[in-house]
Amino acid sequence: MAVAVLSPSSRAPPRLSGRSPNSNMMQPMRRQGRASPLLCLSAAILAAALLPGAAVADGVTPSEARLLRDEVKDMFYHAFDGYMQHAFPLDELRPLSCQGEDSLGGYALTLIDSLDTLALLGDKERFAAGVEWVGKNVRFDINKTVSVFETNIRILGGLLSAHLIASDYATGMKIESYDDQLLHLSVDLAQRLLPAFDTPTGIPFGSVNLLYGVDDDESKITSTAGGGTLTLEFGVLSRLTNNTVFEQVAKNSVRGIWARRSKLNLVGAHINVFTGEWTQKDAGIGTSIDSFYEYVLKAYLLFGDEEYLYVFQEAYKAAMHYLHHDPWYIEVNMNSGATVWPLFNSLQAFWPGLQVLAGDVDPAIRTHAAFFSVWQKYGFTPEGFNLATSTVQNGQRSYPLRPELIESTYWLFKATRDYRYLDVGRDILASLQYAAKCPCGYCHISDVETHKQDDHMESFFLAETVKYLWLLFDLAVGPDNIVENGPYKYIFSTEGHLLPATPEITLVDEHCLHFGDRGYSSGDGSSIQQSANCAQFDERRTVSSQNSLSNVLFTTRSYIKGVCPGLSHAQKLGISYHDEQDNTQNSRSHEHPDESYADQSSVQIQSSSVILISHPATSPPDEPLKTSSRAQHLENIVVTGDSEPIEVTDATGGSSEGNTEFFSEDTLSISEQIEVTAEEIASQDDHIEDSTS
């Protein structure tokens, strides 16, 4: 079966053959006997997409990649300038009529969402002007009821990312006059979102009034993504302010959702935040659930909290078992696993990119090829594509400039360097330029078959869609941006905001036993007490005073012993110090914690701004330390163990296959204390309710 290829001169390319549109889309797919239409469609798509020479266009050359990168930059400025000229300071642009509209809270949403894209493009002048305007003019003490989810990922995430760039010389975008104005706004905004978390389950209401709190008539039903997509922004804010409240409420929300998973380790789409009852039990990786999976993995990668890793491992394993019908993903009943919805929706397209971050690249390649085939068929991905009938799902015909497929294309090219993904990027760019470009920006496509334009441009078009497309081609040219060549590795939020893996953010537990202690210590190891509202971050991860901090289960946590010295300026910039030469010196450091570590430090700086902290007792050069920890993913800090490594099982207690980590002997004494099991999470539900009500 041939796969139709979109040509710029055709608005209605031929359709893939498949079942009649009158077929029953709810009919379960058969696993035996006659092949199901879904499997036939999958086989044909993979054959067309993966066979040699099946690329959608001639290969993109490096010189062409440079031109395409510049074209994407022009695309950004066409839309950004259109917003600034015709819509600012309203939230979003209406690109057909060249007008503005307030769609979220009336605080220049598109500007805030675009700030780190300006920085990524190296536009220091406009970045600085935008940061200055936001710092002086944006206020959140307004009588507006806003979405907790959207406000968090777009506004809070945008403010934090811009703050971290504007306040740091290492980014090359430091603003001399900047005095943490965006951080102060972030704190104010997050505090106004906190009333939403005052529920028995810890899962927040979907909306909150920024002036008066939760409305009396606010719905008690929220989505899984709404409650599970807060950990990155709230966690970063806590670590920048030493206020644990934000990170803890976000973590409690994840616990509240995960504690109510089914016996199959699946979560539904909508839940009652008061009773914990699932009101929609369809499990999937797309609409209403998608970023729950994304944030438990990224929270582990950014913060190193193994509880998030455990949740991701269990949730991912269940998704691949019950939802994956290679190369597609379907929706099933969370309790029985029975198919209820053989549908591809456009939000699923983030999944191959997430699989790349998780290290599961082969299925990501196949799924991306299938998803892109839908784009090839229509020129865009509709919100819903029925896999049983191979047609656009009724009522889901639009393409609102979503970034997910482009995001996965970028990650797959970064992982494989397969130039086929540049061809994909070129085709996506051609579709956007041909069918979505309009007088003042880029328009939603209201119908992917007719390519009819709709007078709306979401802020995420500039925050994500253009950003990932530009990064794709810039990576092919030879990257020159803060993401690829900057001082840090970055985790992208679900809105595409840049969150750097700086020691200040990622190494809290390495420097302090308690959250909030860092930066305040005396030579004898005593520290100024935390404020009353600064709770210990995670009781189950506390170690006794007799134990060294290396007992925490991460390979990056073996180099600081005893006291909590805080973060020096050098450490904030990514330079860390190793203070022991052998076990004898390590023991002596416990007895004399006030001795200077700087004289004993051994720091090796690599050419790509990677810090390698080396220990004398390491594996031989020809036997590199193998680890699946976040240090391997982020690749910005590599620390070997204090003694000979031994193999331990993963947090699930099961086989360590694919997730084997090596730790020093002294980590074993605490491994059982912080090993997270499903029973432990469930048993903490009462504690979660008390802490958030």
Side-chain angles (χ1 to χ4, degrees), residues 24-31 36 38 147-149 199-207 218-230 252-297 310-325 328-348 350-351 354 383-388 393-396 494 678-679 681-682 684-685 688-689:
N24 182 6
M25 68 180 179
M26 301 298 289
Q27 180 178 344
M29 290 171 291
R30 287 168 280 182
R31 294 182 178 272
S36 72
L38 174 57
S147 163
V148 173
F149 171 82
T199 66
T201 62
I203 305 169
F205 287 98
S207 300
E218 176 61 32
S219 171
K220 294 181 175 62
I221 308 302
T222 194
S223 68
T224 298
T229 313
L230 300 150
N252 285 348
S253 181
V254 173
R255 286 172 170 170
I257 293 169
W258 185 243
R260 292 167 175 83
R261 69 197 182 278
S262 73
K263 293 181 179 179
L264 305 182
N265 280 340
L266 296 173
V267 293
H270 290 94
I271 192 169
N272 187 305
V273 300
F274 265 62
T275 67
E277 177 186 1
W278 292 101
T279 58
Q280 184 180 352
K281 299 180 181 180
D282 297 349
I285 62 167
T287 304
S288 301
I289 305 176
D290 50 353
S291 48
F292 170 81
Y293 291 99
E294 178 183 3
Y295 267 42
V296 287
L297 176 60
Y310 166 76
V311 173
F312 175 76
Q313 288 175 327
E314 294 299 296
Y316 181 75
K317 183 170 25 176
M320 294 302 287
H321 182 74
Y322 294 103
L323 309 179
H324 187 214
H325 288 251
W328 302 99
Y329 291 82
I330 60 170
E331 295 185 11
V332 304
N333 181 278
M334 63 180 288
N335 294 314
S336 68
T339 301
V340 297
W341 200 240
L343 189 77
F344 159 66
N345 71 67
S346 60
L347 289 173
Q348 293 179 356
F350 88 101
W351 189 259
L354 188 69
E383 291 291 80
F385 177 76
N386 192 302
L387 299 175
Q393 181 66 28
N394 289 334
Q396 300 184 35
T494 197
E679 289 77 15
I681 294 177
Q684 289 190 359
D685 191 55
I688 296 171
E689 294 178 3

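Sequential numbering from 1 along the given sequence is applied to the chain's residues. Source: prediction; values computed, not measured.
- For the atom pair Lys220 NZ and Ile203 CD1, the distance stands at 14.0 Å (nearest 0.5 Å).
- Annotation: salt bridge (Lys or Arg N to Asp or Glu O under 4.0 Å) contacts involving residues 264-287, sequence neighbours excluded, are absent.
- With sequence neighbours excluded, the residues satisfying side-chain contact (heavy atoms from CB on, under 4.5 Å) with Asp290 are Ala225, Leu347, Phe350.
- Ser346 pairs by the side-chain contact (heavy atoms from CB on, under 4.5 Å) definition with Thr381, Glu383, Arg402, not counting sequence neighbours.
- Side-chain N or O atoms of Gln348 include none that pairs as donor or acceptor with a backbone N or O of Trp328 at under 3.5 Å.
- Listed by chain and residue number, Glu294 satisfy the side chain to side chain donor-acceptor pair (under 3.5 Å) test with Thr494 (two or more places apart in sequence, or in another chain).
- Among residues two or more places apart in sequence or in another chain, the side-chain contact (heavy atoms from CB on, under 4.5 Å) test is passed with Leu264 by Ser262, Leu266, Tyr322.
- For Val296 against Val311, the heavy-atom pair with the smallest separation is CG1-CG1, 3.9 Å.
- With a 4.5 Å cut-off on side-chain heavy atoms, Val254 and Phe292 count as touching.
- Residues passing the side-chain contact (heavy atoms from CB on, under 4.5 Å) test with Ser147, sequence neighbours excluded: Phe149, Glu150.
- The OG1 atom of Thr339 lies 9.5 Å from the CG atom of Leu323; values are rounded to the nearest 0.5 Å.
- Nearest heavy atom pair, residue Ser223 against residue Ser288, reads CB-O, 3.8 Å.
- Evaluation of the salt bridge (Lys or Arg N to Asp or Glu O under 4.0 Å) test over residues 329-340, restricted to residues two or more places apart or in two chains, returns none.
- Although no hydrogens or angles enter the test, the distance criterion places a donor-acceptor pair under 3.5 Å between the side chain of Arg260 and the main chain of Gly256.
- Applying the side chain to side chain donor-acceptor pair (under 3.5 Å) test to Thr222 and every residue at least two apart in sequence or in another chain returns nothing.
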Fill in: side-chain contact (heavy atoms from CB on, under 4.5 Å) between Lys317 and Asn265, worked out
CA-CA 9 Å; Lys317 183 170 25 176; Asn265 280 340; over 6 Å; no
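- Residues in residues 264-285 take part in these ring pair (Phe, Tyr, Trp, His ring centres under 6.0 Å) pairs, two or more places apart or across chains: Phe205-Phe274.
- Not one N or O on the side chain of Thr279 forms a donor-acceptor pair closer than 3.5 Å with the backbone of Asn272.
- Legend: residues meeting ring pair (Phe, Tyr, Trp, His ring centres under 6.0 Å) with Tyr293, ordered by chain and number and at least two apart, are Trp351.
- Going from atom CD1 of Ile285 over to atom CG of Leu354 covers 9.0 Å, rounded to the nearest 0.5 Å.
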